[in-house]
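Here the structure comes first, spelled out in structure tokens, and everything after it is commentary.
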Amino acid sequence: MCRAAFCFLLVVEISVGAPAAGPFVVLENTSSPDGRYAFAWGAPEKYKIDWAALSRGEMTALPNPADFADAVENYLVDLKDGEILATLRGARAWRLPDGSHGNHRDLEVAWSPNGEFAVAIYSLKWQYESFQGFRITPAGVATVEIGKPLETAWRQDLSTTAGQRYKQRANLLAISFSELKAMESEGSFGVHALAEIPKSASEDDAFEGKLVFALQPGADGKLSLKIRGFGKR
């Protein structure tokens, strides 16, 4: 069974009317509903990159591509103030004005209707690498890990619903998440889940489902994950 792929074209482009005078380049299709926030890529200061020129679509001298690719970071940024608000753990999606980009480095983002919450998935060829939730308030940004809790809960569900077919393959499966969708209720999202044995053409070696979850703020300002349910795609 073929992997359900999701590949966003990560073009170097700044949202209309939103200055981004910071050490980063905004990734397309990642902006908040009001255009103030977005996800971007950057790199350590030692690379001496002219970020303003890159944001205008100009090529500048860059370091060794292999070294550079391993150093890239992805951020949640404030486009109005040109500030980095949070880092997406382990994410390294990037694209340059000449079209060069990281191979199998995909970033998918969804925002809640009012733009208070965001979720972001960073994936490699066969599986997700990072899956985080964010809440933006005047007091700052709170984050929560989503991937591992969702994976663990879904694997438990598969153990019950798919029985031996899942249990015989459990240790061979690569897990990926895609097709993020914000629900009408602020902070609630749905996502497609896929567990498969890489390169296998057998339908018995793949499992698909839909997971619904919510990001819930606590009185202490921290953000927590609530899994609302599982279903068939």
Side-chain angles (χ1 to χ4, degrees), residues 4-10 15 24 26-42 72-79 84-94 104-124 127-137 139-155 157 174-195 208-218 221-231 233:
F6 63 95
C7 294
F8 275 62
L9 181 62
L10 303 181
S15 300
F24 51 77
V26 175
L27 296 172
E28 192 181 44
N29 297 324
T30 66
S31 297
S32 61
D34 63 2
R36 174 164 182 174
Y37 305 101
F39 286 81
W41 69 267
V72 165
E73 294 181 324
N74 289 159
Y75 312 118
L76 171 63
V77 300
D78 183 330
L79 299 179
I84 294 173
L85 302 178
T87 299
L88 180 56
R89 178 188 54 78
R92 293 181 172 86
W94 58 274
H104 299 302
R105 297 186 178 201
D106 301 317
L107 184 68
E108 183 176 8
V109 173
W111 288 86
S112 61
N114 292 337
E116 180 179 348
F117 300 92
V119 288
I121 306 171
Y122 172 69
S123 300
L124 302 179
Q127 60 193 21
Y128 80 96
E129 187 74 9
S130 181
F131 191 176
Q132 285 182 246
F134 303 82
R135 182 191 182 213
I136 305 173
T137 68
V141 176
T143 67
V144 63
E145 170 63 27
I146 294 176
K148 291 303 180 183
L150 278 183
E151 177 183 342
T152 298
W154 188 45
R155 281 181 175 274
D157 182 69
I175 307 295
S176 61
F177 298 107
S178 63
E179 300 177 23
L180 277 173
K181 182 179 180 181
M183 305 297 190
E184 291 184 5
S185 176
E186 190 74 5
S188 295
F189 299 86
V191 68
H192 170 240
L194 174 66
E208 292 186 80
K210 181 180 180 181
L211 284 62
V212 178
F213 62 92
L215 304 181
Q216 296 186 325
K222 294 183 179 180
L223 194 60
S224 62
L225 171 69
K226 181 178 179 57
I227 301 173
R228 297 197 179 280
F230 309 93
R233 187 171 182 236

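These values consider heavy atoms only, across backbone and side chains, with no hydrogens, waters or symmetry-generated copies.
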As a quick check of understanding, evaluate side-chain contact (heavy atoms from CB on, under 4.5 Å) for Y37 and V77, giving each step before the final call. CA-CA 6 Å; Y37 305 101; V77 300; over 6 Å; no
I'd like to check the salt bridge (charged side-chain N to carboxylate O under 4.0 Å, His left out) partners of [X]; sequence neighbours left out, ordered by chain and number.
X	value
E116	R135
E145	R89
R228	none
K226	none

Value rounded to 0.5 Å, distance of [atom1] in [X] from [atom2] in [Y]:
X	Y	atom1	atom2	answer
L225	L150	CG	CG	5.5 Å
S178	I121	OG	CD1	7.0 Å
W111	F134	CH2	CZ	8.5 Å
D34	N114	CG	CG	10.0 Å
L124	D106	CG	CG	8.5 Å
F213	S188	CZ	OG	9.0 Å

Between [X] (side chain only) and [Y] (backbone N and O only), is there a donor and an acceptor less than 3.5 Å apart?
X	Y	value
N74	A93	yes
E208	A195	no
T30	L27	yes

Can you list the residues that meet the ring-ring contact (aromatic ring centres under 6.0 Å, His included) rule with F117, with sequence neighbours excluded? none
Heavy-atom closest pair, residues I227 and A153: CD1-CB, 3.5 Å
Those residues that, when tested against E186, pass side chain to side chain donor-acceptor pair (under 3.5 Å) (two or more places apart): S112
Parallel, tilted or perpendicular for F131 and F177, by the 30°/60° rule? tilted
Derivation of the side-chain contact (heavy atoms from CB on, under 4.5 Å) call for K210 and F230: CA-CA 6 Å; K210 181 180 180 181; F230 309 93; over 6 Å; no
Is there a side-chain contact between L215 and I146 in this structure, where contact means two heavy atoms from C-beta onward sitting under 4.5 Å apart? yes
Working note: Q132 + V119, criterion side-chain contact (heavy atoms from CB on, under 4.5 Å); need CA distance, chi angles, decisive distance, verdict. CA-CA 6 Å; Q132 285 182 246; V119 288; over 6 Å; no
After noting the C-alpha distance and the side-chain angles of I175 and R155, does the key distance pass the side-chain contact (heavy atoms from CB on, under 4.5 Å) rule? CA-CA 10 Å; I175 307 295; R155 281 181 175 274; 3.7 Å; yes
